[in-house]
Amino acid sequence: MENKLQKQKLARIASLLKKKYGAVEHTPEDPLEVLVGTILSQNTSDKNSEKAFLNLKKAVKNFKDLLSMPPGKIASLIKAGGLSNIKEKRIRESLEMLRRRDPSFSLSFLVQKDSEQAMKFLSSLPGVGDKTAACVLLFSFSLPVMPVDTHVFRIGKRTGVIPERASLKKAHNIFSEIIPAEYRDVLDLHVNLITHGREVCKAVNPACPKCVIRPLCDYYNKLKQDAAS
Ligand code: SF4
């Protein structure tokens, strides 16, 4: 599909989902908390990563203070989230690299860059992939980037916004290409896609008949064609 068509389809999906689920109320989040929270969410359930995150929140006022903790302490606090030693290492190394770049940890230098450069810098941090980088830029700085989580990935493929066989990396690249730099509703679209993925377009047995974006969906249209033939 041409980029132009993908752009138009995504814009129509965004508008239909916003009509159904509404706009998202959002206060910019602390970038270190988003960064650490997303590292904690890797390879575990929302419930377990939340538990790990809350333990860290109880232990320090500001996540930059995690660097002062003795080795192993972070891992013991985030045990509930699994892979705690690996995640402690990722958190420490990422915070160290950020401190070297910006001792104040404000990360405001990121908004002086364009989204692509900011993504490149954040993705270079240990254990920080495209999704984590995009979460920081979107939830803390409202930059127009789309974190491709499991729901965004699945709905993107089913609707045909991204090709069926696209890798996660490719999906991130496509969203970066088709989301206009001046677009300010990415956060609404991201959150609404997740809600839609949880409530309607589930991994197994998507509820297509009650889906508001079905006229735009390749998967649904193919089902209809198959049923008619
Ligand atoms: S029509 Fe079905 S497959 Fe397509 S987005 Fe909606 S629920 Fe998902």
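Remember, it's 1-based here, ligands and their atoms both numbered in the order they're listed.
Using a 4.0 Å cut-off to heavy atoms of Cys201, the atoms of ligand 1 that qualify are 3 (S), 5 (S), 7 (S), 8 (Fe). When each atom of ligand 1 is checked for a heavy atom of Ile213 under 4.0 Å away, the hits are 5 (S). The Tyr220 neighbourhood of ligand 1 comprises atoms 1 (S), with distances under 4.0 Å to a heavy atom of that residue. Close approach of ligand 1 to Arg214 is summarised as follows: ligand atoms under 4.0 Å from at least one heavy atom of the residue are 1 (S).
Only side-chain heavy atoms of Arg158 come within less than 4.0 Å of ligand 1; its backbone N, CA, C and O stay farther off.
Heavy atoms only, all atoms of each residue included: Leu66 and Arg92 are closest at O-NH1, 3.8 Å.
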Pair Asp226, Lys222 - check salt bridge (charged side-chain N to carboxylate O under 4.0 Å, His left out), show working. CA-CA 6 Å; Asp226 291 349; Lys222 171 131 193 350; 3.0 Å; yes
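Side-chain contact between Leu216 and Thr159 is absent, with no heavy-atom pair separated by less than 4.5 Å. Proximity of Pro31 to Phe141: side-chain heavy atoms (C-beta onward) are separated by under 4.5 Å at one or more points.
Taking backbone and side-chain atoms together, Cys217 has an N/O/S atom less than 2.8 Å away from atom 4 (Fe) of ligand 1. Taking 2.8 Å as the criterion, Cys211 does not count as a coordinating residue of atom 2 (Fe) of ligand 1, since none of its N, O or S atoms falls below it.
Atom 2 (Fe) of ligand 1 has Cys208 SG, 2.4 Å as its closest protein atom, hydrogens excluded (heavy atom only). Ranking protein heavy atoms by distance to atom 3 (S) of ligand 1, first place goes to Tyr219 CD2, 3.3 Å.
Under a 3.5 Å cut-off, the side chain of Lys131 and the backbone N or O of Val148 do not form any donor-acceptor pair.
Here the two rings, on Phe63 and Phe105, have centers that are 6.0 Å apart or farther.
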